[in-house]
Q: 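Pasting in a structure now, in structure tokens, and then I'll have a few things to ask.
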Amino acid sequence: MRFTTRRELLRALVAAMAIGAVILPFPARAEDKGPMVFAAASLKDALDAVNANWQKESGIKATISFAASSALAKQIEQGAPADIFVSADEDWMNYLADRKLIKPETRFDLVGNRLVLIAPKDSKLTATIASGFPLASLLGDGHLAMADTASVPAGKYGKAALEKLGVWDGIKDRIAQAENVRAALALVSRGEAPLGIVYSTDAAAEPGVKIVATFPAESHPPITYPAALTRESKNADAKSFLDFLRSARARTVFEKQGFSVLVTSASST
């Protein structure tokens, strides 16, 4: 009787283990997942489209986190599991490079952009951007929407342009600062700010705004988006995705979105 009871108990344990194996399968291996990409918010539409094309070719989909380049760089510094970083300026890529948090041999300049002054789509405002142009008068009683001018690339480019043109001091206390360039874009599209400074690609992607004028290229540092693998990247497909950003198919997407492509297309991918 005791033998029978133990045998039944053993059978019950084996059965329970078998059921558990069905209900709780082994977790997916890290290498089975697509790479994690940290990218500037202004790249969202373009990189989402590039990612869809890469998935069609490779069967793998990258996970992309979009935010201000400053916030993403700080997250990587704090140990966030990013495989690829695409910044909206050289400064934040240099920030990680100085801390040896990227693989320098993988770094390249991907695309460029332009800076524009925007207004809500039904606005009657017009302007010609030149030295001393009447920006304060154009704002009326409103504020100028910009990404954070202290840390976010779009805000830094915008501040540099306004300083170069000699109009920053007249409006510096009338800035509606946003966490990233897409948030600044939203302030204008919702009519919460009469004017804003964003990238031309952001303006093109938002039907709720219109471009009032384009800032002269010489009024601010070149708008460049560098890309690189992070030092801690272990994902087997990260390099493949980074290479795909240089492909002819990716170039077509970037150019359609209004970016100027700075990198030579890869011969394959």
Q: Run the ring pair (Phe, Tyr, Trp, His ring centres under 6.0 Å) test against Phe38 and tell me which residues pass, sequence neighbours left out.
A: none
Q: Do the side chain of Ser247 and the main chain of Asp243 share a donor and acceptor less than 3.5 angstrom apart?
A: no
Q: Just to verify, which of Arg182, Gln257, Lys256 counts as forming a side-chain hydrogen bond (donor to acceptor under 3.5 Å, both in side chains) with Asp45?
A: Arg182
Q: Taking the side chain from Ser233 and the backbone from Thr230, do they hold a donor-acceptor pair closer than 3.5 Å?
A: no
Q: What residues, two or more places apart in sequence or in another chain, satisfy side chain to side chain donor-acceptor pair (under 3.5 Å) together with Glu255?
A: Arg251
Q: Minimum heavy-atom separation for Ala145 and Ala184, please, with both atom names.
A: CB-O, 3.7 Å
Q: State, to 0.1 Å, how close Ile223 and Ala88 come at their nearest heavy-atom pair, and which atoms those are.
A: CG2-O, 4.5 Å
Q: Scan residues 136-154 for pairs that pass salt bridge (Lys or Arg N to Asp or Glu O under 4.0 Å), counting only residues two or more places apart or in two chains.
A: none
Q: Pairs in or reaching into residues 186-198: which pass salt bridge (Lys or Arg N to Asp or Glu O under 4.0 Å), with residues at least two apart or in two chains?
A: Arg190-Glu192
Q: Is Ile197 close to Leu162 at the side-chain level, that is, under 4.5 Å between some pair of heavy atoms?
A: yes
Q: With sequence neighbours excluded, tell me which residues meet side chain to side chain donor-acceptor pair (under 3.5 Å) with Asp89.
A: Ser87, Lys156
Q: Can you give each donor-acceptor pair under 3.5 Å made by side-chain atoms of residues 206-215, sequence neighbours left out, with the distance rounded to 0.1 Å?
A:
| unit_1 | atom_1 | unit_2 | atom_2 | d |
| --- | --- | --- | --- | --- |
| Glu206 | OE2 | Gly208 | N | 2.7 |
| Lys210 | NZ | Ser123 | O | 2.5 |

Q: Report the residues that fulfil side chain to side chain donor-acceptor pair (under 3.5 Å) with Ser151, sequence neighbours left out, ordered by chain and then residue number.
A: none
Q: Heavy-atom distance under 4.5 Å between the side chains of Val50 and Phe254, does that happen here?
A: yes
Q: About how many Å separate CD of Glu77 and CG of Asp98, when rounded to the nearest 0.5 Å?
A: 11.0 Å
Q: Can you tell me how far the CZ atom of Arg231 sits from the CZ atom of Arg99, to the nearest 0.5 Å?
A: 12.0 Å
Q: How many angstroms lie between atom CG of Asn51 and atom CD1 of Ile64, to the nearest 0.5 angstrom?
A: 4.0 Å
Q: List the steps, then state whether side-chain contact (heavy atoms from CB on, under 4.5 Å) holds for Thr149 with Gln177.
A: CA-CA 7 Å; Thr149 59; Gln177 298 207 48; 3.4 Å; yes
Q: I need the full list of ring-ring contact (aromatic ring centres under 6.0 Å, His included) pairs touching residues 119-177, with sequence neighbours left out, sorted by first then second residue.
A: none
Q: Count I, L, V, M, F, W, Y as connected when their side-chain heavy atoms are under 4.5 Å apart, and connections chain through other members. Are Leu229 and Leu72 then in the same cluster?
A: no
Q: Quick check: closest heavy atoms across Phe241 and Pro35, and the distance to 0.1 Å?
A: CB-CG, 4.1 Å
Q: Within a strict 4.5 Å, meaning less than it, do heavy atoms of the Asp91 and Pro153 side chains meet?
A: no
Q: Does any non-hydrogen side-chain atom of Ser65 lie less than 4.5 Å from one of Thr63?
A: no
Q: Tell me the ring-ring contact (aromatic ring centres under 6.0 Å, His included) pairs involving residues 87-109, sequence neighbours left out?
A: Trp92-Tyr95
Q: Working to the nearest 0.5 Å, report the span between CG of Leu138 and CG of Leu125.
A: 6.0 Å
Q: For a quick test of your reading: what N or O donor-acceptor pairs under 3.5 Å do the side chains of residues 109-119 make, sequence neighbours left out?
A:
| unit_1 | atom_1 | unit_2 | atom_2 | d |
| --- | --- | --- | --- | --- |
| Asn113 | OD1 | Ser200 | OG | 3.2 |
| Asn113 | ND2 | Thr201 | OG1 | 2.8 |
| Asn113 | ND2 | Tyr225 | OH | 3.2 |

Q: Measure across Ala178 and Leu187 and return the closest heavy-atom pair with its distance rounded to 0.1 Å.
A: CB-CD1, 4.5 Å
Q: Is there a donor-acceptor pair under 3.5 Å between the side chain of Asn53 and the backbone N or O of Ala250?
A: no
Q: For Arg174, give me all partners under side chain to side chain donor-acceptor pair (under 3.5 Å), at least two apart in sequence or on another chain.
A: none
Q: Phe85: which residues meet the ring pair (Phe, Tyr, Trp, His ring centres under 6.0 Å) condition with it, sequence neighbours left out?
A: none
Q: Following the transitive rule for hydrophobic clusters with a side-chain heavy-atom cut-off under 4.5 Å over Ile, Leu, Val, Met, Phe, Trp and Tyr, establish whether Val261 and Val86 coincide in one cluster.
A: yes
Q: In terms of ring plane angle, is the pair Phe244 and Trp54 parallel, tilted or perpendicular, where the classes change at 30° and 60°?
A: tilted
Q: Do Leu96 and Arg107 pass the side-chain contact (heavy atoms from CB on, under 4.5 Å) test, and can you show the C-alpha distance, the side-chain angles, and the key distance before you say yes or no?
A: CA-CA 11 Å; Leu96 294 185; Arg107 178 176 176 172; over 6 Å; no
Q: Which value, rounded to the nearest 0.5 Å, describes the distance between Leu195 atom CG and Ile171 atom CD1?
A: 10.5 Å
Q: CD/Glu163 to OG/Ser219 distance, rounded to the nearest 0.5 angstrom?
A: 11.5 Å
Q: Please say yes or no: joined through hydrophobic side-chain contacts below 4.5 Å, possibly via intermediate residues, are Ile60 and Val253 part of one cluster?
A: yes
Q: Is it the case that one hydrophobic cluster holds both Val181 and Val152, taking links as side-chain heavy atoms less than 4.5 Å apart, direct or via other members?
A: no
Q: Could you report the tightest heavy-atom contact between Glu179 and Ala68, atom names first, then the distance?
A: O-CB, 3.5 Å
Q: Would you say NZ of Lys103 has more than 12 non-hydrogen atoms from neighbouring residues, nucleotides or ligands within 6.0 angstrom?
A: yes
Q: Phe259 and Phe66: same hydrophobic cluster, using ILVMFWY side-chain contacts below 4.5 Å?
A: yes
Q: Looking at every heavy atom in both Val37 and Ala62, which two are closest together, and how far apart are they?
A: CG2-CB, 4.1 Å
Q: Asn235 vs Met36, test: side-chain contact (heavy atoms from CB on, under 4.5 Å). Steps then yes/no.
A: CA-CA 8 Å; Asn235 188 282; Met36 171 64 75; over 6 Å; no
